[in-house]
Amino acid sequence: MNNMSMAPGQVPIVVLKEGTSETKGNQAQRNNITAAKTIAEIVRTSLGPRGMDKMLVDTLGDVTITNDGATILKEIDVQHPAAKMMVEISKSVDNEVGDGTTSTVVLAGSLLERAEELITKNVHPTVVVDGFKKAAQKAIDTLKDIAMKVDPVDKAFLSKIARTSMASKMVAADSKELADMVVSAVLAVAEKSGDQYKVDVDNIKVEKKAGGGIHDTKFIHGIVLDKEVVHGGMPKRIENAKIALVNAALEIEKTEMSAEIRISDPHQMQQFIDEENRMLKAMVDKIAAAGANVLLCQKGIDDIAQHYLAKAGILAVRRIKESDMYKLSRATGARVINNLDELTANDLGYAKLVEERKVETDKWVFVEECKNPKSVSILVRGGSQRVVDEAERSVHDAIMAVKDVVEYPYVLVGGGAPEALASLKLREWAATLSGREQLAAEKFADGIETIPLALAENAGMDPLDTQAQLRSKSSTGKARYGIDVLNGKVADLAAKDIYEPLAVKEQVINAATEAACMILRIDEVIAASKSKD
Ligand code: ADP
């Protein structure tokens, strides 16, 4: 394109490298909006319990089947920079609140579509951006007003949150059991500070194994290790386990430099071996003397040491990941020891049962029935690898939704009810504004109404009829009328126990508005050429 500038009477100066492309003004805006809208279109049909799944095939032919917005966008290879921004917001929402990813992208797409209508009518993008920002704040204020405060440790209520999160996923049929497990897991690791709770979801270990059915998924008051007991002669089941967590090798350290030992007499060789054995036995004796009957080791365990451990009736597992050692410590109350000389009975942890079990073709060690564990596990099962993968994602989303409520105990009714009311309130507020800001605020109200309408469309309902019904129901001022997708009508969803965290809805609006505004503010795309340098 035009990479040169010409000062009057002078030689041309090259500003941009040859091959650089420039797209300006309206054209740049339109391209960006179209790209972002395309992304939103892809996930729109996945929104809600009646949303469809996507089958994603990567370049190696691996197949992923999912309904999760963030996963869909992660898997597809997006080229356009504006489309990439949409993928990024879904990722950021996934990291922040873990749920609401599809809604965010659908909302951002819809806001851009409305913005385009205004830009076509010659409203300047900055006016749209300002109007959208104010409207987003207003929408969030409305949601805060209508949110309900709940008891952050009310198991029954939290279970409703988990079930709503899983309602749109493949696991919906088993969501009752899964929801209870998710709630137990989150509450087990929740820590109170002041009058608030903090949940570190890293303390919930979600393991998965294809085989069985989703109903075989188990909650474990402790940790599952995808490792086997290290020696055939060791016990495979220990009740009232006293557990030593050791971050030191039960091996004779080899010297860094290559050393040479000259042996003149065969007995010396034997002595040498005997000495090694003695050292290894001394290590095992220290563990036994502390009273441990289970050894969980982060490093290696020599064959000879294994033999002595087996003789002492100690169950041992080696080469455990550092992150698992930390979780084991929180679950059993044991202290991780770096030097065997330090090990005392006080450092041992407790689990009612440590057992090696067959999980399909593998052998895994279960450290379970810990007393008051501060780290727990969920072992997700499902008929095939694709099913467990999707089930694991759904469990992750549900864990995050429950965590959101435990940490910030405000909820809203789901099914698009709060969006419908917020859109109504925004329209009333827009009428009080003057000038072009009013137009932007009205468009924002339309945009936010897309969420209930997309849910309705995916449930096979007529969008126009639904919109009229929803508006009339919402005009009562109650944020409980949304899309009952399973029965295909507008209904009171509080009565159906469909609740969602306020934190998720706030994040959805914030992230979608931010992405839409960022894309709207771009009036020039300067793309480097795809040359090698
Ligand atoms: P996201 O990735 O945005 O969470 P989902 O596909 O999980 O997208 O859909 C979430 C939407 O589905 C939310 O608006 C939620 O309120 C709604 N929803 C969930 N369960 C139900 C239900 N049983 N009836 C109506 N709407 C529901």
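Atoms within a ligand are numbered from 1 in the order they appear, just like the ligands themselves.
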S.K.: Taking 4.0 angstrom as the limit, do Arg480 and Asp492 come out as a salt bridge?
M.R.: yes
S.K.: Tell me which residues fall inside the under-4.0 Å heavy-atom shell around ligand 1.
M.R.: Ser46, Leu47, Gly48, Pro49, Asn67, Asp99, Gly100, Thr101, Thr102, Ser103, Thr164, Ala167, Ser168, Gly414, Gly415, Leu455, Ile483, Val485, Ile498, Glu500, Lys505
S.K.: May I have the step-by-step check of side chain to side chain contact (heavy atoms under 4.5 Å, CB included) for Val153 and Asp151, ending in yes or no?
M.R.: CA-CA 6 Å; Val153 291; Asp151 173 3; 3.4 Å; yes
S.K.: Can Glu506 and Tyr408 be counted as having a side-chain donor-acceptor contact under 3.5 angstrom?
M.R.: yes
S.K.: Classify the angle between the aromatic ring planes of Phe444 and Phe132 as parallel (below 30°), tilted (30 to 60°) or perpendicular (above 60°).
M.R.: perpendicular
S.K.: Pick from Arg163, Lys160, Lys505: which one makes a salt bridge (Lys or Arg N to Asp or Glu O under 4.0 Å) with Glu500?
M.R.: Lys505
S.K.: Please step through side-chain hydrogen bond (donor to acceptor under 3.5 Å, both in side chains) for the pair Ser423 and Arg427, ending with a clear verdict.
M.R.: CA-CA 6 Å; Ser423 137; Arg427 268 191 209 99; 3.3 Å; yes
